[in-house]
Protein chains: 2
Amino acid sequence: MLATEFKDAITAADRVLVQIRTAIVEGEIPAGTKISEPELARRYDLSRAPLREALARLERCHLIERTPNAGARVVKLSIDGLRSLYQLREELEGLACRLAAEHMTEQEIAEVRALLDQHLSTQRVREGESYYQEAGDVDFHYRVILGSKNPYLINILSDELYFLVRMYRVQLGMNGPRVSRAFDEHKAIINAIANRDGELADLLMRRHIAASKRNIEQQLLQQGTSHG
Amino acid sequence: MLATEFKDAITAADRVLVQIRTAIVEGEIPAGTKISEPELARRYDLSRAPLREALARLERCHLIERTPNAGARVVKLSIDGLRSLYQLREELEGLACRLAAEHMTEQEIAEVRALLDQHLSTQRVREGESYYQEAGDVDFHYRVILGSKNPYLINILSDELYFLVRMYRVQLGMNGPRVSRAFDEHKAIINAIANRDGELADLLMRRHIAASKRNIEQQLLQQGTSHG
DNA sequence: AAGCATCGGATTGTCGACAATTAAAAGCAA
DNA sequence: TTGCTTTTAATTGTCGACAATCCGATGCTT
C-alpha cells in the first residue's frame, strides 16, 4: 500500500506484520478477538519470536491492546475511539497542510495533482467500488503528510494512526454523496497548498476530516441501534 | 518518574526498558552510540529476548534507530530534530490545553495547583539544581496532558515524545532566567484552564514551549560552534 | 445453593543455540 | 599504494523448549 514500506532485507517479522495488519484492518480477524500467539504462529507458519515482534508493532499502531501476562485483543471500534482519533487527525493533518504549503516542491505538488486526475478517471470507470476511493484517499493524505517534511509528524500519522483510520473506514464504509465530494475537497486542498496558503489548506483539511468523521459516526450509530 | 508506569506484573523486559531508557536520556549511554545486543544482555544480566522487546519500545519513542540486519544506534541530538520535535509539541500540547480546559475536573485542577506550590517551595530550597526543575516541569505537563482525556494524545505525548524531549533538556540543560520564569508560565496556564479558557491556555502553552525551544536551541548552537 | 479455595490447563515470558545476513579484515591484482 | 575481491568474524533474526503466570473448572465449606 504505502509506496516503499521496507527498503530491502525484508524479515519474516515484517511479512507477518503486513499480513496480520491487513487481516485486522479488513476485518478478516474481527474486532475484539482474543489473539493467541501459538495459533497465529501455526497459521502463518513461523515461530513465536518474529510473531511477537509483529504484535509489538501492531500495538504501536493501536490495532491490538496487550496486557502483561494476559495476552492481546484486537481493538474494538467505538464512537468514543473514533472521536478521539479524528480529533487528533484534524489537528495533525491540519498542521501537515500548513507545513506542506511551506515545504512541498512544485514537482511534488504537480505529482499530487496528477494523482488526483488519475483517481478521478479511475473512479468514473469503477463507480461504486469504494475500495478504489479508499486507496485514492489514503494516497492523497499520505502525499500531503510526506510533504510536511517533519519526520515525527510523518511517523505518527502514517505509521501509527493511519492503519486504525483505515480500519474504521474499511469496516464501516464510506458511502453516499461523500465519495464524490471528497475528490473536490482534495482538489481544493492541493490548490491552497500550491498557492502557499497554509492557513486555508489547514482549514479545508480540518473540514474534510470532520465531514469524514460525521459520515463514519452515523454508520456507527445506525449499526449500534439496529442490532445492538 | 511517571506516576504509575506499570500497574503490576512487571516483566523483565519492562525493567530493562526503564533502565536503558534512563541511561540514554541521562546521557550515560552517549548519543550516537552503536547498540550491541549481546553486550547489553550481559550488562543487564538477561537474555536477548526481553532485551529486544525493550529495544522495540525504545525505537517507538525515537530514542534509538534500527535498521534491519544492521543494528541499532542511539539517536543523535540535532537542531533540525529539536525543531521538528518542538513543532509537534507546540501543536499537541496546545491541543491538550484546549481539551484540558474542557475536561479537567475542579479537583484535578486543584491538584495541579498544589503541585505547583509544592514545586515552588522545593525550588526555593534547592535553588540551582536544575534536576528538580526538570522533574517539576515534566510533572506539570504530564498532568495537563492527562487532563485532555484523549487516550491517543496522551499516548503520543507522554509515552512516545516525552522521553526524547527530556533527553534534549537533560543533556543540553535548562539555564538562565528561564528556570524561574517557567513557574510563572505554568501558573498562567493552569489559571486559564481553571477559567475554562482553552484558547488562552493553548496560546500560553505554545509560547511556553517555544521559549523552551529557543533556550535549548541556543545551547545547541553554542555547543556546535565552540567544539565542532 | 452461593461463595470461596484449590487445582489443572493453557498461555505468556524467558532462555540458550542455530541460521542468515552483514560489516570489516585480509589478500590479491594493478 | 590503491582498489577490488574474498574470507572471516561478529551481529542480527529465528527456532524450539522450559519456567512463570494467569484464567477457568472443580470441589469444598457455610
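Scope of the values below: all heavy atoms of this structure, side chains included, with no hydrogens, waters or symmetry mates. Residue numbers begin at 1 in each chain, while the letters A, B, ... track the order of the sequences. Predicted model only: the values in this text are computed from it and were never measured.
- The CZ-C1' distance, from B:Arg15 to D:dA20, rounds to 12 Å in whole Å.
- As a whole-Å value, the separation of B:Glu53 CD from C:dT14 P is 8 Å.
- Residue B:Ala70 is in sugar-phosphate contact alone, with no base atom involved, counting any heavy-atom pair closer than 4.0 Å across all strands shown.
- Between A:Arg52 and the phosphate of C:dT12, there is no side-chain N or O to OP1/OP2 separation shorter than 4.0 Å.
- Here D:dT14 presents its P atom at 11 Å from CZ of B:Arg48, a figure rounded to the nearest Å.
- Residues B:Val165 and B:Arg169 are in side-chain contact: their nearest non-hydrogen atoms beyond the backbone lie under 4.5 Å apart.
- The shortest side-chain heavy-atom distance between A:Asp14 and A:Arg57 falls under the 4.5 Å cut-off.
- Direction change of the helix axis from one end of the helix from C:dA1-D:dT30 to C:dA30-D:dT1 to the other is 10°, with five pairs defining each end axis (rounded to 10°).
- Along DNA chain D, the nucleotide closest to B:Lys34 and the one closest to A:Ser47 are compared, and the more 5′ of them pairs with B:Lys34.
- Here A:Ile35 lies in heavy-atom contact (under 4.0 Å) with sugar-phosphate atoms only.
- One can place CG of A:Asp14 at 16 Å from P of D:dT12, the figure rounded to the nearest angstrom.
- In this structure, the CG atom of A:Leu46 is 10 Å from the P atom of D:dG16, given to the nearest Å.
- In this structure, A:Leu51 atom CG and D:dC15 atom C1' are separated by 13 Å, rounded to whole Å.
- Scanning for side-chain hydrogen bond (donor to acceptor under 3.5 Å, both in side chains) contacts around A:Glu59 gives an empty result, with sequence neighbours left out.
- Side chains of A:Leu92 and B:Leu92 form a contact here, defined as non-hydrogen atoms less than 4.5 Å apart.
- If you measure from atom CD1 of A:Ile10 to atom P of C:dT21, you get 12 Å, rounded to the nearest angstrom.
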Handout entry: Worked check of salt bridge (Lys or Arg N to Asp or Glu O under 4.0 Å) between A:Arg113 and A:Asp117
Key = CA-CA 6 Å; A:Arg113 281 185 156 142; A:Asp117 291 341; over 6 Å; no
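- In this structure, B:Asn69 atom CG and C:dA19 atom C1' are separated by 12 Å, rounded to whole Å.
- With sequence neighbours left out, A:Glu102 forms a side-chain hydrogen bond (donor to acceptor under 3.5 Å, both in side chains) with no residue at all.
- Side-chain nitrogen and oxygen atoms of A:Thr11 include at least one within less than 4.0 Å of the OP1 or OP2 phosphate oxygen of D:dT14.
- Counting only N and O atoms by type, the side chains of B:Tyr162 and B:Arg89 include a donor and acceptor under 3.5 Å apart.
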